[in-house]
Amino acid sequence: MKIFNTLSRKKEEFVPLKEGEVNMYVCGPTVYNLIHIGNARPMIVFDTARRYMEHKGYAVNYVSNFTDVDDKIIKKANEEGVEPSVISERYIAECKKDMEGLNVKTATVHPKATEEIDGMIEMIQTLIDKGHAYVAQDGTVYFKTRSFKDYGKLSHKNLDDLRSGERSLLVSGEDQKQDPLDFVLWKPKKEGEPYWESPWCQGRPGWHIECSVMSRKYLGEEIDIHAGGEDLIFPHHENEIAQSEAANDKEFAKYWMHNAFLNIDNKKMSKSAGNFFTVRDISEKYDLQVLRFFMLSAHYRSPLNFSAELMEAAKNGLERIVSCVGNLNFLLESAADAEMTEEEKGLIKEAEKYTVKFDEAMDDDINTADAISAIFELVKFTNTNVSEQSGKAFVQALKDEIVMLSDICGLIVDKKEEILDADIEALIQERQDARKAKNFARADEIRDMLAAQGIVLEDTREGVKWKRA
């Protein structure tokens with residue numbers, strides 16, 4: 001299995017620090033509002049990477065944080081006249097709802113910044129003691145960026161270039177900094193803000209320190225994979241490396257994975273441009289499984305363009321897989337309960353090549369686009385080779401293979417059969433009887449009645465199927 005490592009800018013063979021175990025940290029959202037579809041991409045992508053690693057037999061310790069103290073959270077709390085915790089807890093709950101809709105697995109641990117303050121104070125003090133940080137006159141604590149000789153190794157930015165380059169690349173500076181590139185570890189409280197006691201002043205932590213502390217606490221000083229959106233490479237992840245390695249004297253993360261940006265109709269997503277969509281917005285138009293399928297239709301390191309046309313294509317693509325599994329379920333109800341014939345055994349062996357293609361794609365830097373193509377090929381193969389004469393074992397084996405590969409991608413394709421009300425079941429049976437009696441007017445009337453109740457009938461060679469509109 002190969003992973004593209006942002007640190008080396010090349011694909012590397014994945015070898016975990018401890019055999020059979022993967023420690024993975026993924027930066028989570030700042031919880032001041034509903035998550036947007038840009039937030040959803042890393043959630044889906046790295047959840048899929050986790051699922052595949054678990055499929056390969058690894059025990060994955062997966063940590064993803066919630067930043068629950070932040071300027072935006074405080075601003076919203078002040079606007080509503082409530083404590084910041086009210087805002088953060090509200091949107092953590094909403095985020096978890098969206099994650100469930102996207103079929104993102106719950107992390108091994110979902111730490112919150114406000115619950116890890118003691119660990120942050122401890123790490124900051126360690127950095128001060130080691131000469132990597134200093135306390136300004138007002139109690140602000142800064143990381144001494146030039147004290148860490150490898151600063152810039154992730155983003156491949158040179159310190160002198162940062163100093164003389166564009167102002168947008170500089171970490172925001174105050175007059176009391178020893179160097180404009182130094183960044184905040186702890187800052188004094190302001191009026192109307194939450195604060196914690198510390199050796200330096202009453203205040204709260206800087207953003208970057210929280211992930212260094214949570215990662216060390218829940219995964220150890222050295223981890224296998226650190227992941228997030230490419231917008232986090234600099235300065236957030238660069239600063240995490242500096243803090244963690246300066247404090248622990250060990251390599252922080254062996255592999256760094258970053259997903260590319262999501263654009264809307266080939267433009268950057270922004271509220272001012274009127275093209276900003278939350279996951280909740282999308283859920284009003286589509287099943288969130290469609291959004292997940294869409295996100296996996298491109299390689300995670302490729303920029304992804306969101307549009308209504310592409311979402312419709314994703315919906316149709318997912319429906320092809322779901323319909324295939326639905327047909328197999330239908331056949332299983334009446335298939336002969338017999339062992340596979342020699343011909344069926346040969347077809348199953350032939351079908352295995354699509355699973356091999358799936359694994360090869362996922363082993364190549366989690367290439368979900370090619371992996372989904374392999375699922376489509378398996379679906380086509382299944383549709384071609386399964387019939388009413390197929391045995392139950394053969395049908396079940398093909399179904400299991402499609403469902404397993406889809407599940408690795410977090411796609412729910414085996415829809416549980418819904419139980420119709422007795423009245424509706426009776427109408428379906430009456431329609432069948434009317435058709436047999438060539439009373440097509442009554443059959444059509446019943447079809448229309450069911451359609452009015454949101455039940456769509458489909459006459460197939462295997463019999464009558466139904467679905468909710």
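Note that the structure is predicted; figures quoted are calculated from it, not measured.
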Heavy-atom pair with the smallest gap, counting every atom of Asn329 and Lys415: ND2-O, 4.5 Å
Value rounded to 0.5 Å, distance of CD in Glu377 from NZ in Lys353: 8.0 Å
Quiz item: cation-pi between Lys105 and Tyr62, 6.0 Å / 45°: no
Note: Glu100-Lys97 ion pair, threshold 4.0 Å (strictly below): no
Spacing of Ile37 atom CD1 and Leu288 atom CG [to the nearest 0.5 Å]: 11.0 Å
Glu83 CD: over 12 foreign heavy atoms closer than 6.0 Å: no
Glu13, CD: over 12 other non-hydrogen atoms inside 6.0 angstrom: yes
Ser155 backbone acceptor or donor facing Glu238 side chain under 3.5 Å: yes
Ile372 and Phe293, any side-chain heavy atoms less than 4.5 Å apart: yes
Step-by-step side chain to side chain donor-acceptor pair (under 3.5 Å) determination, Asp68 to Tyr91: CA-CA 9 Å; Asp68 62 343; Tyr91 289 111; over 6 Å; no
Short side-chain to backbone donor-acceptor contact, Tyr255 and Val15, under 3.5 Å: yes
Point-to-point distance, once rounded to the nearest 0.5 Å, from CE of Met257 to CG of Leu7: 14.0 Å
Lys392 atom NZ, neighbour heavy-atom count above 12 within 6.0 Å: yes
Shortest non-hydrogen contact from Pro16 toward Glu21: CB-O, 3.2 Å
Least distance between heavy atoms, Ala113 atom then Met120 atom: O-CE, 3.3 Å
Heavy-atom closest pair, residues Leu304 and Ala298: CD1-CB, 3.7 Å
Any donor-acceptor pair under 3.5 Å from Arg41 side chain to Phe261 backbone: yes
Lys345 and its side-chain contact (heavy atoms from CB on, under 4.5 Å) partner, picked from Met340, Glu339, Glu350: Met340
For the student: nearest non-hydrogen atoms of Glu210 and Phe66, plus distance: OE2-O, 4.3 Å
Separation of Lys153 NZ from Asn158 CG (nearest 0.5 Å): 15.5 Å
Separation of His236 NE2 from Trp207 CH2 (nearest 0.5 Å): 4.5 Å
Heavy-atom side-chain contact between Leu405 and Tyr354 under 4.5 Å: no
Donor-acceptor pairs under 3.5 Å, side chain of residues 23-33 to any protein atom, not counting sequence neighbours: which ones?
{"from": "Asn23", "atom 1": "OD1", "to": "Asn61", "atom 2": "ND2", "distance (Å)": "2.7"}
{"from": "Tyr25", "atom 1": "OH", "to": "Asn65", "atom 2": "OD1", "distance (Å)": "3.3"}

Student check: side-chain heavy atoms of Leu262 and Met295 closer than 4.5 Å: yes
Interatomic distance, Leu450 atom CG to Glu445 atom CD [nearest 0.5 angstrom]: 11.0 Å
Trace of the side chain to side chain contact (heavy atoms under 4.5 Å, CB included) decision for Ile87 with Glu79: CA-CA 11 Å; Ile87 301 298; Glu79 287 171 355; over 6 Å; no
Side-chain heavy-atom pair Thr6, His237 within 4.5 angstrom cut-off: no
Flag side-chain contact, heavy atom, 4.5 Å: Asn103 against Leu411: no
With sequence neighbours excluded, residues passing side-chain hydrogen bond (donor to acceptor under 3.5 Å, both in side chains) with Arg435: none
Glu319 side chain to Ser323 side chain, donor-acceptor N/O pair below 3.5 angstrom: yes
Test item: side-chain donor near acceptor, Asp400 and Gln396, under 3.5 Å: yes
Passing candidate, side-chain contact (heavy atoms from CB on, under 4.5 Å) with Phe252, options His226, Glu221, Glu222: His226
Heavy-atom side-chain contact between Ser85 and Thr114 under 4.5 Å: no
Step-by-step side chain to side chain contact (heavy atoms under 4.5 Å, CB included) determination, Phe276 to Ile264: CA-CA 8 Å; Phe276 182 91; Ile264 310 293; over 6 Å; no
Exam field: side chain Asp47 to backbone Met43, donor-acceptor pair closer than 3.5 Å: no
Stepwise side chain to side chain donor-acceptor pair (under 3.5 Å) test for Gln429 and Asp433: CA-CA 6 Å; Gln429 185 58 51; Asp433 295 340; 3.2 Å; yes
Under 3.5 Å: donor-acceptor pair, side chain of Glu230, backbone of His258: no
Side chain to side chain donor-acceptor pair (under 3.5 Å) evaluation trace for Asp370 with Ser373: CA-CA 5 Å; Asp370 286 356; Ser373 292; 4.8 Å; no
Side chain to side chain contact (heavy atoms under 4.5 Å, CB included) between Tyr151 and Ile241, worked out: CA-CA 8 Å; Tyr151 192 85; Ile241 290 174; over 6 Å; no
Under 3.5 Å: donor-acceptor pair, side chain of Arg292, backbone of Ala40: no
Pairwise side-chain contact, Leu310 with Phe294, heavy-atom cut-off 4.5 Å (strictly under): yes
Whether Glu344 side chain and Gly391 backbone form a donor-acceptor pair below 3.5 Å: yes
Check: Ala361 main-chain N/O paired with Asp364 side-chain donor or acceptor under 3.5 Å: no
Glu401 and Thr355: side chain donor to acceptor below 3.5 Å: yes
Salt bridge (charged side-chain N to carboxylate O under 4.0 Å, His left out) assessment of Glu116 paired with Arg216: CA-CA 11 Å; Glu116 308 294 341; Arg216 181 173 74 172; over 6 Å; no
Worked verdict on Met362 versus His55 for side chain to side chain contact (heavy atoms under 4.5 Å, CB included): CA-CA 11 Å; Met362 294 295 279; His55 169 71; over 6 Å; no
Any Arg442 side-chain heavy atom under 4.5 Å of Ile446 side chain: yes
Side chain Thr278, main chain Asp281, donor-acceptor under 3.5 Å: yes
Any donor-acceptor N/O pair, Asp287 side chain to Gln289 backbone, under 3.5 Å: yes
Contacts of type salt bridge (Lys or Arg N to Asp or Glu O under 4.0 Å), residue Lys268, not counting sequence neighbours: none
Lys/Arg N to Asp/Glu carboxylate O, Arg90 vs Glu80, below 4.0 Å: yes
Heavy-atom closest pair, residues Ile408 and Thr48: O-CG2, 3.7 Å
